Amino acid sequence: MSAHDDLPKLLDDCVHCGFCLPTCPTYVLWGEEMDSPRGRIHLMQQHVDGEPLSGPMVEHFDACLGCMACVTSCPSGVQYDRLIEMTRADVEREHERPLKEKAIREMVFQLFPYRRRLRALRGPLRAYQKSGLERLVRRSGVLERISPSVAAMERLTPPLGKARRLPELVAARGERRATVGMLTGCVQGEFFPGVNAATARVLALEGCDVVIPKDQGCCGALSLHSGREDEARAFARRTVETFESVDVIVVNSAGCGSAMKDYRTLLADDPAWARRAEAVAAKTRDFAEFLVDLGPRAKRSPLPVTVAYHDACHLAHAQGVRSQPRALLAGIPELTVREIAEPDICCGSAGTYNLFQPAAAGELGDRKAVNVDATGAELLVAANPGCSMQIATALRRRGAGIAIAHTAQVLDASLRGLGRDTVVARRS
Ligand code: SF4
Ligand code: SF4
């Protein structure tokens, strides 16, 4: 029996009450039943009953962000996260996508989960950003004409600084309280090296030996959330092998943490790996979740800054981590945390969503940027690289110069007494 045999039973859990509809970003945008969780569940049922996957059916599944807002709002406990993952795998197996779409998807999946390939791209991208070519290309609209997905990729790339490599061990400051493994991530590692450096520093300042395996690979999140199950399993096995010797694995990217906590389901049918995967899933902790459990020890210096905290879907809905990042921020003297309206509505990043569905993602990004701007905060704090890139792009489009940082970078600035300028200098 495979995990996919559960699909009909999981579909039966839905009583079609519609409570999830107002929390679904695509339903909020378009008001179409088939672009709501309930509508998509209806389409899944049709497929289970023998209806082949048609182009329009696939469009409704593709338009789903996989944000899981419907999971946390459903009173019947419908596991829509599992339903959409299985359905996306069916789509990848059974549906032939148009050639151009296939080529773009292949390019994305042959690039983003591979750090060496991303690293090789950093140099040319930095030169492109620094030479002024970026402005010319954007103004010409040429990429948009080639492919809206390629244009989105270009637009979302953050300004790249110098590459930074972390050592394999960052030793605890003072008496050691824990030894943790740290996942550096693909996009996080190559596009946001400062976030990883801050994460390791904060963990060490809080008394942790931080083990950062050099040969770690992709956790498989992008593949898992896109229906590429075999690829996701291969990445997961490698990650399990890399981290099973440590007691705790700290992850600072919401999408990666959520995928790793899901390894128990992903490898459940593999007798050689199921128990090992379950053990690694059980010791995976989000950065904020881990630090709140550990308790503060390092001295916090004042950081007089007003921040808006953004709930990444894969942190809030998928991992239930909402209070911990807020608690860490609130523990910094003189820092004020403001809430963003519509916190449950996705920013449109959603893994590869903003690349493959750039128009819908743009609408959601603009909606989020309006809500962020309305807080009057000087700094947006988000714990997922995808969200940071997506909201930064939307804020730029809006002309709002709000800085963006990861929770780890804010904490790092306070623990090291660096002052507010170090965090508010990172303008969107
Ligand atoms: S998914 Fe849950 S909330 Fe949505 S219609 Fe089904 S039972 Fe109701
Ligand atoms: S995962 Fe998000 S976009 Fe997809 S149906 Fe649920 S709420 Fe809507």
Side-chain angles (χ1 to χ4, degrees), residues 6-49 53 56-92 221-222 224-227 254-255 258-259 261-262 265 310-320 322 342-368 371 384 386-387 390-391:
D6 290 346
L7 196 95
K9 208 167 111 299
L10 292 176
L11 287 170
D12 280 349
D13 290 339
C14 177
V15 296
H16 308 284
C17 62
F19 278 129
C20 54
L21 268 56
T23 63
C24 172
T26 53
Y27 185 77
V28 168
L29 281 186
W30 307 316
E32 285 287 336
E33 174 70 14
M34 288 307 147
D35 284 313
S36 77
R38 184 173 64 186
R40 291 184 179 115
I41 287 171
H42 176 73
L43 293 175
M44 290 172 196
Q45 186 66 57
Q46 284 186 339
H47 180 52
V48 163
D49 292 343
L53 286 170
M57 267 165 120
V58 170
E59 276 174 30
H60 293 301
F61 295 139
D62 281 352
C64 168
L65 294 125
C67 68
M68 303 190 202
C70 51
V71 177
T72 44
S73 65
C74 173
S76 304
V78 171
Q79 295 178 55
Y80 182 87
D81 48 342
R82 292 192 60 203
L83 288 172
I84 191 69
E85 259 165 32
M86 288 188 238
T87 303
R88 292 209 203 281
D90 284 346
V91 169
E92 291 313 298
L222 279 192
L224 175 65
H225 299 144
S226 306
S258 138
K261 288 180 178 179
D262 215 18
T265 314
H310 163 72
D311 281 304
C313 297
H314 278 93
L315 203 51
H317 297 304
Q319 300 184 55
R322 295 171 193 265
E342 299 186 329
D344 287 333
I345 300 285
C346 179
C347 65
S349 163
T352 52
Y353 193 86
N354 49 5
L355 305 182
F356 299 143
Q357 305 281 331
E363 277 189 67
L364 289 169
D366 289 341
R367 192 176 177 118
K368 186 63 74 181
N371 287 329
N384 194 49
C387 304
Q390 168 76 358
I391 304 175

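Just so you know, these numbers come straight off a predicted model, no measurement behind them. Start at 1 and go down the list; that is how both ligands and their atoms are numbered. Along the sequence shown, the residues carry numbers beginning at 1.
Considering only heavy atoms from C-beta on, His310 comes within 4.5 Å of Ile391 through its side chain.
Closest to atom 1 (S) of ligand 1 by heavy atom, among Ile41, Leu21, Val71, Val15, is Ile41. Considering Gly77, Gly39, Cys20 only, the shortest heavy-atom separation from atom 3 (S) of ligand 1 involves Cys20.
The shortest separation from a heavy atom of Pro37 to ligand 1 is not under 4.0 Å, leaving the residue out of contact. Residue contact check for ligand 1: Ser73 places no non-hydrogen atom closer than 4.0 Å to it.
The protein heavy-atom contact nearest to atom 6 (Fe) of ligand 2 is Cys70 SG, 2.3 Å. Protein heavy atom closest to atom 2 (Fe) of ligand 2, with residue, atom name and distance, is Cys67 SG, 2.3 Å. Shortest contact from atom 8 (Fe) of ligand 2 to any protein heavy atom: Cys24 SG, 2.4 Å. When only non-hydrogen protein atoms are considered, atom 5 (S) of ligand 1 lies nearest to Gly18 N, 3.2 Å. Atom 4 (Fe) of ligand 2 has Cys64 SG, 2.3 Å as its closest protein atom, hydrogens excluded (heavy atom only).
Residue-level proximity to ligand 2 for Tyr27 is absent, since no heavy atom of it falls below 4.0 angstrom. By the criterion of a heavy-atom distance under 4.0 Å, the side chain of Arg40, and not its backbone, is placed next to ligand 2.
The nearest pair of heavy atoms linking Cys346 to Leu65 is SG-CD2, 3.8 Å.
In this structure, CG on Asp6 lies 8.5 Å from CD on Gln79, to the nearest 0.5 angstrom.
Checking Cys14 against atom 2 (Fe) of ligand 1, every N/O/S atom stays at or beyond the 2.8 Å cut-off.
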